[in-house]
Visitor: 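Sharing a structure, written as structure tokens. Questions coming.
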Amino acid sequence: MSMDKKYDHKLQEPAIQKKWESADVFTGKIEADKKPFTIILPPPNASGKLHTGNVLMLAIEDVLIRWKKMQGYSTLWIPGTDHAGFETQLVFERSLKEQGKSRFDYDRDSLYKAIWDFVQKNKEIIEKQIKSMGPGLDWSRYTFTLDEKVINTVYNTFQKMISENLVYRDDYVVNYCPKCGTTFADLELRHVTRKDPLYYMKYGPFTLATTRPETKFGDTAVAVNPKDERYKDYIGKEIEVEGLNGNFKLTVIADDFVDPEFGTGVVKVTPAHDKNDYEAGKRHGLKIKQVIGLDGKMTELAGSYAGLSVQEARKKVVGDLQKKGLMVKIDESYEHTISVCYKGGHEIEPMVLPNWFVKVETLKKPALDAVLNKEVRVYPRWREVTYVRWMEEMRDWPISRQVVWGIRIPAWYNIDENSDLQVTFINKNKERATGKVSDLLKSYSYEEIESGLQSLVAAKDAKFVISRTKPGNRFLQETDTFDTWFSSGQWPLVTLGYPDSEDFRYFYPISVMETGWEIIRFWVSRMIMFGIYLTGKPPFKDIYLHGLVRAIDGKKMSKSLGNVIDPLDYIDEYGADALRMGLISGTANGRDFAFPKDKVIAYRNFANKLWNMARFMLMLMEDRKVEFYDEKNIKGLNETDKAILIELENTKKNVNESLEKYRFSEAADFIYQFMWHEVADKYIEHVKDREDKELALSVFRFVFVEGLKLLHPFMPFATETIWSNLPKNEGDRELLVSLEWPK
RNA sequence: GGGCGGUUAGCUCAGAUGGUUAGAGCGCUACAUUGACAUUGUAGAGGUCAUAGGUUCGACUCCUUUACCGCCCACCA
């Protein structure tokens with residue numbers, strides 16, 4: 001047996017990976033005599049690259065899986081990837097752009113298929129990268145978020161919710177980006193501070209301040225604060241306003257949302273184009289006048305301004321107001337925050353569109369209680385507040401998204417019963433046509449519309465049929481897709497084959513949900529809601545939330561800041577073990593932390609140290625007959641022997657206690673201290689001076705191997721490699737991961 | 001604007017239920033190459049625990065103030 005002077009991770013890691021694979025050690029098995037231990041991997045983006053957050057997640061979950069497996073549990077860790085709705089569509093569209101195309105050149109079905117192919121091509125990259133970390137995943141149960149079984153479950157759930165009256169359609173102010181031609185979730189917005197002119201204009205008897213004079217055509221009321229003495233007498237009255245398209249009348253309403261301190265204390269209310277105004281409009285029963293279209297241009301309702309872009313219209317309106325003497329003053333130094341889409345940075349236009357909603361009132365209560373009564377435990381504890389607050393405040397959930405890449409909502413509209421359906425499609429001449437379906441049917445056949453369909457907008461009271469397949473002739477399917485959280489919220493269920501499978505009965509509920517704390521609201525809360533709603537049981541017992549890995553500059557990594565660290569570089573340079581340990585030892589308590597490069601190097605050195613400890617041991621054992629340590633029959637131990645054995649006991653206790661509490665960093669530290677500073681620095685030096693080397697070596701080998709086991713969940717490659725070089729006792733298994741955990 | 005968290009050695013971080021000389025890794029200094037490892041060993045320097053106050057016999061640890069940093073959320077026209 002020959003071992004090089006240095007531990008070479010590049011040589012050893014792929015070899016060990018193959019060993020685990022061929023031994024099939026991580027395939028989950030249903031074993032009646034064992035307790036299950038289940039984890040589901042939060043699915044990384046299928047067409048993305050492995051990032052540092054993924055690595056941390058893999059490292060932590062692998063520690064849990066290997067630890068529990070060695071403890072004798074029947075473990076299962078299911079991998080998966082996420083279709084990552086809009087994110088992926090955007091990347092795909094970039095590649096289209098390079099070919100001089102855009103998604104508007106495709107009908108909906110063709111676009112979906114094209115993205116599907118695109119993702120399939122890229123999927124292998126992330127899978128390979130995940131594997132390079134050495135995680136004990138069961139790839140035979142691998143799930144993609146658009147797999148047939150996922151869609152089936154999601155459809156069933158939707159059907160159930162419809163039949164139980166938990167789903168309804170309503171208007172909703174969406175964050176619409178005219179440039180991208182799609183809506184964004186609140187999460188996908190960025191808020192930027194910007195200086196914009198604040199216009200003070202005459203408005204009937206008032207002067208009011210606004211940054212958006214061009215939306216005045218959509219005003220359907222004027223609002224003041226009910227406590228504002230200045231305008232008390234106007235409340236409830238109708239005022240006449242001189243406008244650019246002639247005079248018009250509006251009612252003055254009183255509402256608390258108006259800040260008397262801002263501007264003049266009078267606000268124009270534009271329910272169609274402002275979230276705030278929409279809410280106020282709902283409270284006061286105001287009309288909605290849409291003056292900006294989905295193309296970002298002024299609609300017919302803007303009169304002579306129709307067809308202008310928002311920017312052009314604003315300019316013209318300002319000029320015209322000045323000409324008419326309706327502009328009182330312009331404050332050029334006004335600073336405010338506006339919403340922009342997170343990718344393109346384009347300004348968001350709030351729009352009112354019909355959407356699908358889930359009533360959360362009955363769903364959220366049990367989900368909140370499950371955490372409050374400790375049925376589900378949150379680690380670290382202080383994160384619980386985030387969850388509790390969110391569940392208390394949670395409002396009805398809009399689940400429809402105007403994106404192609406996702407699970408299409410299985411609702412069908414009969415075109416004869418819904419003649420006002422707004423339809424956009426590509427006709428036979430490859431031209432886009434848009435309009436009311438009843439009008440379009442005059443020039444086009446139903447078949448032509450159907451095959452070229454891009455998108456449709458159904459009124460909120462439209463008649464629909466829920467069906468997995470086309471329910472009959474002359475039906476068009478909803479073009480919106482489900483919010484990705486609607487499907488990923490059922491992830492623990494779909495991956496385990498809910499509702500009826502051996503896996504589901506044995507492995508559900510899963511043991512630990514390990515994920516980043518920043519998605520506790522969007523993901524964790526939905527999983528608990530769906531889990532309880534569909535099975536009556538929370539989908540998991542424990543939640544461990546790891547912190548965010550920040551860049552060296554202490555900020556969140558992002559492409560625009562240019563501070564992203566590629567973990568693959570570290571795997572290449574220092575090894576997956578070193579990277580895993582480096583990240584874990586930085587992540588105590590689930591707090592955010594800066595990427596610990598120093599520690600990665602330190603643990604690369606540690607792997608080498610272990611390697612050389614083994615080499616030295618083997619060298620000393622070469623010409624000697626060393627018995628395997630036997631606690632019961634060993635005789636002649638001296639004080640140092642006893643001390644290291646006691647130290648081993650302490651370490652076992654400490655590592656186990658730390659792991660039970662999800663204190664990974666602490667556990668890693670204990671075993672590191674033991675191996676390096678107790679075994680190597682003290683005991684090995686002692687062995688060198690021993691007369692009775694055989695006895696000392698037997699103790700040395702014993703504590704070393706016990707240490708390797710304790711360390712294995714953290715540094716699986718190095719420990720497994722070293723184990724493969726050591727002589728085995730009778731009954732010892734070929735693989736370290738299959739050995740019994742030190743108790 | 002609201003919420004959460006952070007501020008401990010040059011750097012990155014640990015320090016349950018408050019109690020002798022505040023810890024680790026890296027870096028730094030000095031020595032060491034005499035059975036593995038220089039990705040090494042031994043020894044050492046280095047901290048008014050952000051700030052101001054309070055509770056206490058006693059606080060890095062509990063309470064309050066201020067400042068700065070980070071993240072999440074947010075409808076101020």
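Below, chain A is the first sequence line, B the second, and so on; all start at residue 1.
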Visitor: Base, sugar-phosphate or nothing for A:Ala209? Non-hydrogen atoms, less than 4.0 Å.
Guide: base

Visitor: Under 3.5 Å for both donor-acceptor distances, Watson-Crick or wobble: does B:U40 have a partner, and if so which one?
Guide: B:A32

Visitor: Grab the N/O contacts between the protein and nucleotides 5-9 of chain B below 3.5 Å, and write none if there aren't any.
Guide:
unit_1 : atom_1 : unit_2   : atom_2 : d
B:G5   : O3'    : A:Arg591 : NE     : 3.4
B:G6   : OP1    : A:Arg591 : NH2    : 3.1

Visitor: Does one side chain, of A:Tyr203 or A:Asp219, offer a donor that lies under 3.5 Å from an acceptor on the other?
Guide: yes

Visitor: CD of A:Glu392 versus P of B:C4: gap in Å, rounded?
Guide: 13 Å

Visitor: Could you tell me how far B:G58 sits from B:G18 if I compare only their P atoms? Round to whole Å.
Guide: 15 Å

Visitor: Rounded to whole angstroms, how far apart are CD on A:Glu279 and P on B:A77?
Guide: 16 Å

Visitor: Report the base-pairing partner of B:G1 (Watson-Crick or G-U wobble, both distances below 3.5 angstrom), or none.
Guide: B:C73

Visitor: Give the nucleotide from the list B:A77, B:C73, B:G15 with an atom nearest to the side chain of A:Arg663.
Guide: B:G15

Visitor: Rounding to an integer number of Å, can you tell me how far A:Asp598 CG sits from B:A14 P?
Guide: 15 Å

Visitor: Which of these nucleotides, B:C75, B:G35, B:C37, is closest to any side-chain atom of A:Arg624?
Guide: B:G35

Visitor: Taking the nucleotide of RNA chain B with the closest heavy atom to each, which residue, A:Thr210 or A:Phe616, is nearer the 5' end?
Guide: A:Phe616

Visitor: Which value, rounded to the nearest 0.5 Å, describes the distance between A:Tyr603 atom OH and A:Leu583 atom CG?
Guide: 11.0 Å

Visitor: What interatomic distance, in whole Å, is found between P of B:C60 and the corresponding atom of B:A67?
Guide: 24 Å

Visitor: Are A:Tyr570 and A:Phe595 an aromatic pair by the rule of ring centers under 6.0 Å?
Guide: yes

Visitor: Assign A:Thr211 to base, sugar-phosphate, or nothing according to its heavy-atom contacts below 4.0 angstrom with the strands shown.
Guide: sugar-phosphate

Visitor: With a 3.5 Å cut-off and no angle check, do the side chains of A:His273 and A:Glu349 form a donor-acceptor pair?
Guide: no

Visitor: May I ask you to decide if A:Pro398's main-chain N or O and A:Asn355's side chain share a donor-acceptor pair within less than 3.5 Å?
Guide: no

Visitor: What is the separation between atom CH2 on A:Trp611 and atom C1' on B:C37, rounded to the nearest whole Å?
Guide: 12 Å

Visitor: A:Leu548 side chain: which of B:A24, B:C71, B:G35 is closest?
Guide: B:C71

Visitor: What is the base-pairing partner of B:U51, counting Watson-Crick and G-U wobble geometry with both distances under 3.5 Å?
Guide: none

Visitor: If the C1' atom of B:U20 is compared with that of B:U64, how far apart are they to the nearest Å?
Guide: 30 Å

Visitor: Taking atom C1' in both B:C28 and B:U12, what distance in whole Å separates the two?
Guide: 16 Å

Visitor: Quickly work out the A:Arg212 CZ to B:A77 P distance and round it to whole Å.
Guide: 11 Å

Visitor: Distance check needed: B:G25 C1' versus A:Gln673 CD, whole Å only.
Guide: 10 Å

Visitor: Could you tell me whether A:Arg389 and A:Glu393 make a salt bridge, using a distance below 4.0 angstrom between a side-chain N and a carboxylate O?
Guide: no

Visitor: Find every protein N or O atom lying less than 3.5 Å from an N or O atom of nucleotides 39-43 of chain B, and list the pairs.
Guide:
unit_1 : atom_1 : unit_2   : atom_2 : d
B:U39  : O4'    : A:Asn605 : OD1    : 3.1
B:U39  : O2     : A:Arg604 : NE     : 3.3
B:U39  : O2     : A:Asn605 : OD1    : 3.3
B:U40  : OP1    : A:Asn605 : ND2    : 3.2
B:U40  : O3'    : A:Lys609 : NZ     : 3.3
B:G41  : OP1    : A:Trp676 : NE1    : 2.3

Visitor: Would A:Phe714 and A:Tyr672 satisfy ring-ring contact (aromatic ring centres under 6.0 Å, His included), going step by step from the backbone distance to the final call?
Guide: CA-CA 10 Å; A:Phe714 300 89; A:Tyr672 174 90; over 10 Å; no

Visitor: Side chains of A:Ser525 and A:Trp390: any donor to acceptor distance under 3.5 Å?
Guide: yes

Visitor: Do side-chain atoms of A:Thr220 reach the backbone of A:Lys287 as a donor and acceptor pair under 3.5 angstrom?
Guide: yes

Visitor: Using only heavy-atom distances, decide whether a donor-acceptor pair under 3.5 angstrom links the side-chain of A:Lys693 to the base of B:G35.
Guide: yes

Visitor: If we take the P atom in both B:A16 and B:C26, what is their distance in whole Å?
Guide: 24 Å

Visitor: Which whole number of Å gives the distance between the C1' atom of B:A22 and that of B:C75?
Guide: 48 Å

Visitor: Between A:Ile671 (CD1) and B:G25 (C1'), how many Å, whole number?
Guide: 17 Å

Visitor: With nearest nucleotides of RNA chain B determined for A:Asp592 and A:Lys688 from heavy-atom distances, which residue corresponds to the more 5′ nucleotide?
Guide: A:Lys688

Visitor: Could you check whether A:Val385 gets within reach of a base, just the sugar-phosphate, or nothing at all, counting any heavy atom under 4.0 Å?
Guide: nothing

Visitor: Test your reading of the model: is there a side-chain donor-acceptor pair from A:Lys364 to the backbone of A:Met394, 3.5 Å cut-off?
Guide: yes

Visitor: Would you say the side chain of A:Asn612 and the base of B:C37 hold a donor-acceptor pair, judged only by whether the two atoms sit under 3.5 Å apart?
Guide: no

Visitor: Determine the interatomic distance between P on B:U29 and the same-named atom on B:C72; round to the nearest Å.
Guide: 40 Å

Visitor: Parallel, tilted or perpendicular: which describes the rings of A:Trp611 and A:Tyr7, with under 30° parallel and over 60° perpendicular?
Guide: tilted

Visitor: For A:Leu198, report the nucleic acid contact type (base, sugar-phosphate, nothing); a contact means any heavy atom under 4.0 Å.
Guide: nothing

Visitor: Below 4.0 angstrom from OP1 or OP2 of B:C37, is there any side-chain N or O of A:Lys5?
Guide: yes

Visitor: I'd like to know whether the aromatic ring centres of A:Phe664 and A:Tyr544 sit less than 6.0 Å apart in this structure.
Guide: yes

Visitor: What is the distance, to the nearest angstrom, from the NZ atom on A:Lys275 to the C1' atom on B:C73?
Guide: 12 Å

Visitor: Which nucleotide, if any, forms a Watson-Crick or G-U wobble pair with B:C26, using both distances under 3.5 Å?
Guide: B:G10

Visitor: Say you pick atom C1' in B:C4 and the same atom in B:A43; how far apart are they, in whole Å?
Guide: 44 Å

Visitor: As a test of reading the structure: which of B:A36, B:C13, B:C71 is closest to the side chain of A:Ile684, going by heavy atoms?
Guide: B:A36

